[in-house]
2 protein chains.
Amino acid sequence: MKTDEQKLVNKTELENFKVGVDNVIFSVDTQLNRLLVLLIKRKDEPFSGQWSLPGTLVRKGEALEQSAYRILAEKIQVKNLYLEQLYTFGGPWRDPRESPDSYGVRYLSVSYFALVRFEDANLIAKNLSSITWYPIQKVPKLAFDHNKILEYGYRRLRNKLEYSPIAFDVLPEVFTLNDLYQLYCTILGENFSDYSNFRSRLLKLGFLCDTGVKVSKGAGRPASLYRFDAEAFAPFKDKPLVFI
Amino acid sequence: MKTDEQKLVNKTELENFKVGVDNVIFSVDTQLNRLLVLLIKRKDEPFSGQWSLPGTLVRKGEALEQSAYRILAEKIQVKNLYLEQLYTFGGPWRDPRESPDSYGVRYLSVSYFALVRFEDANLIAKNLSSITWYPIQKVPKLAFDHNKILEYGYRRLRNKLEYSPIAFDVLPEVFTLNDLYQLYCTILGENFSDYSNFRSRLLKLGFLCDTGVKVSKGAGRPASLYRFDAEAFAPFKDKPLVFI
DNA sequence: TCAAAAGTGTTAAGGTTACACCCATGA
DNA sequence: TCATGGGTGTAACCTTAACACTTTTGA
């Protein structure tokens with residue numbers, strides 16, 4: 001039987017942690033106009049066989065962001081991406097392995113949110129049935145608290161898109177204004193803005209430059225290819241800028 | 001001498017963590033029109049004697065936010081506050097105790113940002129020279145990476161104030177529109193907006209209700225006391241709302 | 001020559017800014 | 001009666017939203 005003294009000591013005892021990084025990786029399939037999120041089928045316990053966000057535990061000497069890039073690189077080959085820290089979920093009993101019968105340490109998750117270019121993202125997997133792009137509307141029940149993390153990431157994506165130039169990290173070097181508009185529509189939903197108003201707002205900002213090159217898409221007038229001019233954008237950095 | 005095999009094993013070894021919570025606690029002295037941040041003088045190694053953000057290590061069974069509230073309650077008595085998670089700093093070598101000669105585990109910090117009502121915040125300390133409100137412009141070099149955390153929190157505070165009703169968590173139950181304006185001025189700097197425009201914008205939104213009660217401040221016309229009407233605000237929740 | 005896709009222009013409604021001005025009180 | 005702080009009004013300007021219209025192409 002424990003004395004009161006012992007109970008007090010137990011109460012103020014520090015928790016030991018393993019730290020994991022979970023990535024919410026988004027991509028936009030511009031052909032089918034679908035917003036996708038990358039999911040992994042777990043092959044180990046806990047939650048073996050269930051879909052989850054791609055994650056990993058942080059290794060000795062590894063920075064958190066480094067860990068996020070590592071897991072990303074293990075799952076997909078990609079040239080262009082945007083990545084930022086999302087939120088930290090660290091309450092007790094997130095992970096069954098916390099049980100004293102198991103490892104007896106708490107599992108904290110630092111989540112990151114990424115947007116990658118769909119066209120040049122190659123999935124890496126021994127068997128491709130264990131990794132897939134899921135349309136955001138069709139995501140099933142995920143392992144751990146990953147549905148909550150995903151929801152959080154989705155909200156952040158929509159906000160970021162409205163007042164940051166992250167779209168250009170994920171579009172090809174040159175793109176038509178319609179490509180850009182479609183990307184916004186896919187993520188924010190139709191009728192977030194009229195095309196012609198979107199167009200004039202973006203052009204007025206002055207950091208999209210017309211390359212002069214035209215590209216034809218079946219019938220209809222050919223579209224100009226534009227380029228994002230990072231230098232012309234510089235003055236807007238850290239300023240509240242609205243794209244929609 | 002290590003074999004290549006051993007090196008590889010070491011490389012993929014998981015890190016063990018202690019998790020700390022560090023709070024960036026802001027307050028506004030409306031008398032002197034100063035934005036203040038709560039700092040603690042450390043009395044233990046490492047960085048003994050240096051100023052730091054109030055922080056603590058997470059205990060067994062304790063949620064992160066719970067930990068943030070605990071350290072806050074240990075340092076100040078306060079009735080009204082706003083608190084949210086800020087960012088997680090978890091790179092290697094943030095803390096000298098990570099050294100193998102010391103505890104040999106990594107110290108990760110989940111930071112929280114809080115805004116408290118200055119008037120009813122009583123500092124708790126055995127000796128008051130070890131805890132103090134610092135004007136934001138005069139903050140010295142802090143322990144660990146706390147200056148970086150503070151800077152991050154300061155940016156978040158300014159953003160939050162512009163499009164969230166956090167000011168009302170920190171104002172008295174009833175307040176004059178000038179009190180509100182002064183709060184905004186102190187945090188965002190003068191000339192963020194004309195008083196009369198600020199006034200009409202806020203009143204048009206319709207969630208500030210005039211109590212009819214007047215209060216006099218020396219010479220001059222008495223001001224109406226207003227109350228924040230949380231119910232009338234409800235429809236604006238989760239909508240992008242701009243106060244400035 | 002017609003439909004499709006790209007791109008331009010117009011207009012009404014509403015918001016923002018920078019003020020000038022009126023009101024109520026204490027000294 | 002005047003200085004002080006509170007409160008109202010307004011005209012010029014800018015932004016937004018909706019939609020009509022022109023241009024350039026392939027079939």
Side-chain angles (χ1 to χ4, degrees), chain A residues 30-33 161-163 171-172 174-186 188-227 236 239-244, chain B residues 30-33 161-163 167 171-172 174-186 188-227 235-236 239-244:
Chain A
T30 42
Q31 311 290 285
L32 296 173
N33 282 318
L161 201 70
E162 288 188 14
Y163 46 71
L171 280 171
V174 292
F175 50 86
T176 69
L177 288 176
N178 206 49
D179 291 340
L180 183 63
Y181 181 66
Q182 290 308 323
L183 181 72
Y184 272 78
C185 280
T186 303
L188 300 177
E190 303 286 334
N191 42 14
F192 76 95
S193 168
D194 179 283
Y195 171 65
S196 93
N197 292 328
F198 177 79
R199 183 190 164 80
S200 38
R201 194 176 307 119
L202 265 287
L203 288 178
K204 189 158 40 166
L205 289 169
F207 50 73
L208 294 183
C209 49
D210 192 335
T211 61
V213 183
K214 306 279 179 183
V215 66
S216 228
K217 184 176 163 188
R221 180 171 170 174
S224 264
L225 287 173
Y226 285 80
R227 178 191 314 281
F236 298 96
K239 264 164 200 131
L241 169 63
V242 179
F243 288 87
I244 58 149
Chain B
T30 41
Q31 311 290 284
L32 297 172
N33 281 318
L161 201 68
E162 288 189 14
Y163 48 82
L171 281 171
V174 292
F175 49 87
T176 70
L177 289 175
N178 205 50
D179 291 340
L180 183 62
Y181 181 67
Q182 290 308 323
L183 181 72
Y184 271 78
C185 280
T186 304
L188 300 176
E190 304 286 334
N191 42 13
F192 76 95
S193 167
D194 179 281
Y195 171 65
S196 93
N197 293 329
F198 177 79
R199 185 190 162 78
S200 39
R201 194 176 306 118
L202 265 286
L203 287 178
K204 190 158 37 166
L205 289 170
F207 49 74
L208 294 182
C209 49
D210 193 334
T211 61
V213 183
K214 306 279 179 183
V215 67
S216 228
K217 184 177 165 188
R221 180 171 170 176
S224 265
L225 287 173
Y226 285 81
R227 178 192 312 283
F236 297 96
K239 266 166 198 127
L241 169 64
V242 179
F243 288 86
I244 59 151

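Within every chain, numbering begins at 1; the chains are lettered A, B, ... in the order of the sequence lines, protein sequences first and strands thereafter.
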Subject >> Whichever of B:Lys217 and B:Leu203 has its nearest DNA chain D nucleotide further upstream toward 5' >> reply: B:Lys217
**OP:** Give, for atom CD of A:Gln182 and atom CG of A:Leu171, the distance between the pair rounded to the nearest 0.5 Å.
**Re:** 11.5 Å
Subject >> B:Leu202/B:Tyr181 under side-chain contact (heavy atoms from CB on, under 4.5 Å): CA gap, chis, key distance, verdict >> reply: CA-CA 10 Å; B:Leu202 265 286; B:Tyr181 181 67; over 6 Å; no
Subject >> Rounded interatomic separation in angstrom, taking NZ from B:Lys204 and C1' from D:dG7 >> reply: 16 Å
Original post:
So do A:Tyr184 and A:Leu161 actually touch side chain to side chain, heavy atoms under 4.5 Å?
Top reply: yes
Original post:
Do any N or O atoms from the side chain of B:Tyr195 and from the backbone of B:Leu177 form a donor-acceptor pair under 3.5 angstrom?
Top reply: no
**OP:** Can you sort out which residues in residues 174-186 of chain B have a heavy atom within less than 4.0 Å of DNA chain D? Ascending by number, please.
**Re:** B:Asn178
Please tabulate, for the side chains in residues 207-224 of chain A, all donor-acceptor contacts under 3.5 angstrom to protein atoms that are two or more places apart in sequence or on a different chain.
from	atom 1	to	atom 2	distance (Å)
A:Asp210	OD1	A:Gly212	N	2.8
A:Asp210	OD1	A:Ser224	OG	3.3
A:Asp210	OD2	A:Ser224	OG	3.2
A:Thr211	OG1	A:Val213	N	3.3
A:Thr211	OG1	A:Leu225	O	2.7
A:Lys214	NZ	A:Ser224	OG	3.0

Original post:
Do any side-chain nitrogens or oxygens of B:Tyr195 fall under 4.0 Å of OP1 or OP2 in D:dG7?
Top reply: yes
Subject >> Donor + acceptor pair across side chains of B:Thr176, B:Asn178 (<3.5 Å) >> reply: no
**OP:** Mind telling me whether B:Phe198 and B:Phe192 have parallel, tilted or perpendicular rings, with 30° and 60° as the class edges?
**Re:** perpendicular
**OP:** Would you give a per-nucleotide map of nucleotides 17-27 of chain D, 5' to 3', where B means the base has a protein non-hydrogen atom under 4.0 Å away, S means only the sugar-phosphate does, and - means neither?
**Re:** BBB---BBBS-
Original post:
When rounded to the nearest 0.5 angstrom, what distance separates CG in B:Leu183 from CG in B:Leu188?
Top reply: 8.5 Å
Original post:
Rounded to the Å, how far apart are A:Phe198 CZ and C:dG7 C1'?
Top reply: 15 Å
